[in-house]
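Structure first, commentary second.
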Amino acid sequence: MGSVAFDRIMSYQGDINELILKDKDNYNTLSLLMLIDRIEEKQGGTGANIAYNLAMLGERPFLYTAVGYDFIGNYQKKLQDMHINLDGVRVLDKELTACCHAVADSKGNLINCFCPAAMGTPCDEACFNAVKAGDYGIVSPGNMDDMAKFPKIFKEKNVPYIYDPGQQIPAVTKENHLAAIDGAEILIGNDYEIALISEITGVSKEELLNKCRYIVTTLGDKGAAISQKGKADILVPAPKIRELADPTGAGDSMRAGLLKGLTSGFDLETSLKLGSICSAFCIEKYGTQEHHYTLESFRARYQENYGPCPL
């Protein structure tokens with residue numbers, strides 16, 4: 001469960017700060033003109049990114065979200081050709097798919113404009129019937145109603161799941177966070193996100209471990225830490241990166257490898273190593289769905305970093 005989106009990335013060769021008048025307090029309105037030298041549209045969204053990587057790992061994931069009419073065509077066909085089940089994708093014929101317009105300048109400044117569009121509509125509840133015992137679920141950033149409903153559905157059907165609220169953390173209520181974490185197999189986020197969840201809920205990380213089995217904290221180039229109540233944290237080191245092109249989507253890729261390992265019956269540490277290899281492939285390409293790997297190249301990359309690959 002998670003979003004499908006289009007990312008439109010624009011490059012500005014100057015410094016955005018120089019476009020803002022220094023005595024701007026003397027003006028009632030702000031008007032900026034940036035001459036963009038490059039624009040690219042990339043296919044993304046948390047749910048779609050996770051499904052994309054799972055498909056390359058030989059899985060046949062089910063995607064649950066809502067999209068607009070612009071999803072029909074190239075994006076839809078690509079996911080279908082990868083054998084990603086789209087029965088749970090609700091298509092709105094009068095809405096656009098969620099999109100992010102981003103302008104990045106030469107100094108590292110970034111302006112983001114995100115419109116949820118179709119993501120403001122929840123899934124069709126009829127699709128819940130496809131969720132069954134033996135599945136493994138993930139609740140990733142997407143429609144707010146879906147983020148509240150899917151943990152309940154997973155628990156009712158005895159489906160273990162990962163709770164991964166990500167950029168939606170500030171928008172989710174304290175009550176919904178606690179309800180989703182209670183009974184989750186794994187709560188996952190970076191160190192800032194885990195701290196933010198604790199702040200919003202008023203529940204410490206140690207106390208959150210009374211509600212879920214594990215907390216996985218991602219630490220960028222330092223790897224990831226596994227926390228479990230009453231046990232010392234386990235640190236999973238990050239793999240070697242050949243070229244850092246774009247970190248966007250690395251977290252979604254990691255979730256896919258993690259899910260692959262868990263559905264294959266591997267322990268959490270091994271599963272996180274699989275996820276780390278997925279993220280390494282992702283950040284070496286510009287865009288969240290521009291990287292490609294086969295099981296053979298994946299196994300070789302795992303062997304290079306962690307030893308024999310269990311897949």
As a quick check of understanding, evaluate side chain to side chain contact (heavy atoms under 4.5 Å, CB included) for Y293 and I277, giving each step before the final call.
CA-CA 10 Å; Y293 49 78; I277 297 300; over 6 Å; no

Student check: side-chain heavy atoms of Y214 and I188 closer than 4.5 Å
no

Sub-3.5 Å donor-acceptor pair from the side chain of S198 to the main-chain atoms of V203, do we have one?
yes

Within-4.5 Å side-chain heavy-atom neighbours: R213 and I186:
no

State, yes or no, whether a side-chain contact exists between N53 and M254 at a heavy-atom distance under 4.5 Å.
no

Using the rule that two of Ile, Leu, Val, Met, Phe, Trp, Tyr join whenever any of their side-chain heavy atoms come within less than 4.5 Å, decide whether F62 and Y136 are in one cluster.
no

Any side-chain heavy-atom pair of V67 and E95 under 4.5 Å:
no

Quick one: does L268's side chain get under 4.5 Å of V216's, heavy atoms only?
yes

Checking side-chain polar atoms at under 3.5 Å, does T97 have a donor or acceptor matched by the opposite partner on D70?
yes

Is K149 close to E125 at the side-chain level, that is, under 4.5 Å between some pair of heavy atoms?
yes

Parallel, tilted or perpendicular, as decided by the 30° and 60° cut-offs, for the rings of Y64 and F150
tilted

Are L35 and V103 co-members of a hydrophobic cluster defined by side-chain heavy atoms under 4.5 Å apart?
no

Can you spot which of C123, P116, P122, S3 makes a side chain to side chain contact (heavy atoms under 4.5 Å, CB included) with N143?
P122

Here's one to test your reading of the geometry: is the NZ or CZ of R301 within 45 degrees of the ring axis of F281 and under 6.0 Å from its centre?
yes

For Y75 and Q289, what are the C-alpha separation, side-chain angles and deciding distance, and is it a side-chain hydrogen bond (donor to acceptor under 3.5 Å, both in side chains)?
CA-CA 11 Å; Y75 203 172; Q289 295 179 25; 2.9 Å; yes

Return yes if a side-chain donor-acceptor contact under 3.5 Å exists between N305 and K240, otherwise no.
no

Report yes if some heavy atom in the side chain of E284 is under 4.5 Å from a heavy atom in the side chain of H291; otherwise report no.
no

Do L57 and C278 touch side chain to side chain, with heavy atoms closer than 4.5 Å?
yes

